[in-house]
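Below you'll find the structure, written out as structure tokens, and then a few comments.
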Amino acid sequence: MPSNLTLYNSLTRRKESFKPLVEGHVGLYVCGPTVYNPVHLGNCRTFVSFDIIYRYLMAKGYRVRYVRNITDVGHLTDDGEDRMSKGARLEQLEPMEVAQKFSNQFHDMMRTFNALPPSIEPRATGHIIEQIEMVREILKNGYAYEVNGSVYFDVEAYNNANDDRYGELSGRRIDELMAESRELKAQDEKRNPSDFAIWMRASDDHILRWDSPWGPGFPGWHLECSAMSTKYLGEQFDIHGGGNDLKFPHHENEIAQNVGACHHGGARYWLHTNMLLMNGKKMSKSDGNTITPEQLFSGESKHVSEGYSPMVIRFFMLQTHYRSTMDLSDEALQAAKKGYGRLMDAWQSLSELEAGGSAQNGTVGKELMAGLEAAYAEMDDDFNTPKAVARIFELVTRINALKGGQLSLDEVSADTLASFKERLGTLLFDVLGLRDEAAGAGAEQEALDKVMQIVLDLRQQARADKDWALSDKLRDALSAAGITVKDGKDGASWSI
RNA sequence: GGUUGGGUGGCCGAGUGGCUAGGCAAAGGUCUGCAAAACCUUGUACGGCGGUUCGAAUCCGCUCCCAACCUCCA
């Protein structure tokens with residue numbers, strides 16, 4: 001499998017050629033959501049980005065094991081309350097009911113955005129044993145200490161034994177961290193402020209609790225990812241992904257735990273997606289600078305002038321590289337909506353094109369195939385979807401010109417046309433994960449197609465009779481019903 | 001304060017030391033009964049100040065501004 005794939009590794013801060021540990025296979029771990037409240041759009045951006053990465057790796061022929069966890073324990077609020085318990089108290093539900101409810105909601109939203117499910121979706125609460133085992137290993141290796149039923153990772157000991165490794169991902173230095181530390185809960189139990197809990201003693205009123213060698217407690221927030229990535233992908237694996245805001249401390253601590261337990265840092269390539277902004281600021285659950293996907297779909301928000309469909313939003317995401325911040329604005333969404341429409345119209349037009357009968361390609365046929373290969377090549381460059389989309393739009397112009405007669409189909413051989421259709425479809429729908437929302441399915445759509453054909457035939461007759469009043473009346477009435485009629489060389493077409 | 005990454009034409013957003021991404025908007029044209037769509041053409045942008053270079057938006061230095069992380073977040 002020839003691969004020219006390069007990707008930007010956060011660990012080295014360089015683009016590197018991608019070489020999987022095992023030829024032909026890729027292990028991919030992505031930090032999933034903490035399911036204590038509804039997903040918001042920023043989450044969606046990250047998971048759509050990794051969905052495209054997952055899809056592209058598969059399209060290149062790799063067998064990918066994609067692990068994306070669900071965090072349902074250990075993630076505390078500022079007050080030290082577990083997020084699950086807090087959600088449960090507020091909604092008068094069992095903690096696991098909360099987790100289930102928002103997991104379901106999360107899955108629905110991923111489906112809405114046409115993001116494929118991962119190969120394995122492990123839950124933190126389902127891997128308590130593995131996490132306890134990992135704590136034991138870390139203790140055994142001398143990188144942690146127990147105080148009053150809690151176990152803390154000893155960053156200093158880790159650094160001394162591993163050549164000051166802590167901070168390798170985020171570029172942080174331990175002395176700076178210490179200088180900046182503040183009063184945190186259980187601070188007095190820690191030897192150093194930069195130490196972090198890998199197992200926490202449960203207070204009497206703490207609902208989520210498990211027995212452990214150190215008494216009843218629960219795992220620290222960062223531990224589940226270390227334990228589950230190790231379990232399903234091995235002590236060393238290929239790619240670890242997540243949002244930029246997880247780089248520190250979450251991912252940094254993950255590496256430390258992995259090294260602490262198995263002497264390996266886990267992933268060899270770290271990929272981080274950048275934040276979704278609104279009004280120039282990070283879209284964030286905690287400070288309310290947010291718009292829910294539902295609001296975006298319905299348009300019920302002061303931030304948008306109308307609703308935008310999931311595929312318009314996905315297309316909008318494609319136009320920004322995953323490592324760049326993406327600023328959401330109504331104007332940009334408007335542009336994306338039109339661009340997406342033009343792209344899908346062209347796809348429709350392409351499907352209706354028929355080869356001119358030439359056995360040989362002319363310039364146009366060669367340009368089509370070259371442009372398509374260029375688009376794929378852009379994906380090889382750190383999954384550069386904006387450039388790939390740019391190349392695709394150059395093809396859109398050609399497709400439209402073929403349809404409109406400005407370019408001749410005699411320049412495209414039948415073989416080329418067929419493989420072009422197939423390869424473009426793969427890129428658009430299998431790799432980029434778009435869906436043609438206008439193309440309905442089923443009996444209703446079929447009936448509508450037939451009805452529209454009748455109406456357009458009637459109008460065509462009126463036009464032939466130069467009965468402009470009638471033809472315009474039909475067009476206006478359809479327009480009022482939300483259907484746009486476009487007169488072309490070979491008759492009229494319509495779109496909703 | 002420290003760490004990381006940014007500031008690109010009306011808006012969004014890629015990008016390489018020289019061969020002017022792309023989308024949207026705008027202008028002109030072709031086509032059309034009209035309209036829409038489509039096609040063709042047009043904009044010569046790169047925070048500021050220096051420096052390196054034959055040549056820099058792209059490399060270096062300084063400076064201004066912005067964001068993220070350092071506390072829960074994708």
Check: B:rA35 base within 3.5 Å donor-acceptor of A:Asp472 side chain: no
Range-with-range stems of RNA chain B (Watson-Crick or G-U pairs under 3.5 Å, three or more in a row): B:1-7 with B:64-70, B:10-12 with B:22-24, B:26-30 with B:38-42, B:47-51 with B:59-63
Atom-pair distance (CG on A:Asn274; P on B:rA68), nearest Å: 10 Å
B:rA38 OP1/OP2 closer than 4.0 Å to side-chain N/O of A:Asn400: no
Donor-acceptor pair under 3.5 Å, A:Arg391 side chain vs B:rA21 base: no
A:Phe47 side chain near A:Phe113 side chain, heavy-atom distance below 4.5 Å: no
Atom-to-atom span, CE of A:Met317 to P of B:rA74 - whole angstrom: 15 Å
A:Asp327 CG to B:rC66 P, straight-line distance once rounded to whole Å: 15 Å
A:Phe47 over B:rA74, stacked by centroid distance under 5.5 Å, angle under 30°: no
Under-4.0 Å side-chain N/O to phosphate OP1/OP2 contact, A:Ser170 with B:rC70: no
Salt bridge (charged side-chain N to carboxylate O under 4.0 Å, His left out) partner of A:Asp51, chosen from A:Arg68, A:Arg314, A:Arg45: A:Arg314
Options B:rC39, B:rG22, B:rU3, nucleotide nearest the side-chain atoms of A:Gln406: B:rC39
Short side-chain N/O contact from A:Arg342 to OP1 or OP2 of B:rC24, under 4.0 Å: yes
Residue pair A:His222 / A:Phe196: nearest heavy atoms and the distance that separates them: CD2-CD1, 3.9 Å
Any A:Asn244 side-chain nitrogen or oxygen under 4.0 Å from OP1 or OP2 of B:rG5: no
Short N-O contact, A:Glu373 and A:Arg423, less than 4.0 angstrom: yes
Gap in Å between the two C1' atoms, one belonging to B:rU20 and one to B:rU8, rounded: 13 Å
Side-chain N or O of A:Lys247 closer than 4.0 Å to phosphate OP1/OP2 of B:rG5: no
Check: B:rC39 base within 3.5 Å donor-acceptor of A:Arg398 side chain: no
Under 4.0 angstrom between A:Lys338 side-chain N/O and B:rG23 OP1 or OP2: no
Any A:Arg323 side-chain nitrogen or oxygen under 4.0 Å from OP1 or OP2 of B:rA67: no
